[in-house]
Amino acid sequence: MPRLLSAGFLVAAFLLTACSESSAPTETSAQTEAAAPAQANIPQGVIPQAQLDAMAKAGNVSNVLEQAEQERRKQMEAQGL
């Protein structure tokens with residue numbers, strides 16, 4: 001019976017260590033200092049400018065699709081479909 005308990009204890013310990021949250025390797029101060037200038041160019045607003053630009057492009061695409069759909073409906077109505 002003690003052998004079974006020790007095996008169970010080992011399995012439980014293994015599972016706890018395997019499932020525990022492991023931290024990612026930390027950066028050295030040289031890596032952090034090297035990354036700082038690159039991060040300085042990133043906009044610090046609530047919504048980055050790149051996302052705002054993408055939303056504007058999506059809005060333009062949406063308008064083009066709506067116009068194409070309206071033209072197609074007009075053609076279908078003209079043909080009696």
Side-chain angles (χ1 to χ4, degrees):
M1 185 72 161
R3 188 172 266 242
L4 182 62
L5 289 176
S6 63
F9 178 73
L10 288 175
V11 169
F14 174 75
L15 289 176
L16 286 174
T17 55
C19 296
S20 67
E21 184 176 327
S22 63
S23 62
T26 58
E27 294 181 345
T28 63
S29 62
Q31 290 172 334
T32 305
E33 290 174 7
Q39 291 177 351
N41 297 334
I42 298 173
Q44 298 299 321
V46 175
I47 300 175
Q49 188 62 40
Q51 287 183 346
L52 292 173
D53 294 343
M55 288 173 50
K57 286 181 183 179
N60 292 339
V61 169
S62 176
N63 291 337
V64 168
L65 291 173
E66 287 177 8
Q67 289 174 354
E69 182 181 357
Q70 289 175 355
E71 290 175 9
R72 190 186 77 233
R73 287 181 186 266
K74 286 179 185 177
Q75 290 176 353
M76 290 177 66
E77 288 175 1
Q79 293 176 355
L81 297 173

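Numbering starts at 1 and runs along the sequence shown.
- Of the inter-residue distances, the one linking Leu52 atom CG with Lys57 atom NZ reads 12.5 Å to the nearest 0.5 angstrom.
- In this structure, Glu69 pairs ionically with Arg73, as a charged nitrogen and a carboxylate oxygen lie closer than 4.0 Å.
- The CG atom of Asp53 lies 11.5 Å from the CD1 atom of Ile47; values are rounded to the nearest 0.5 Å.
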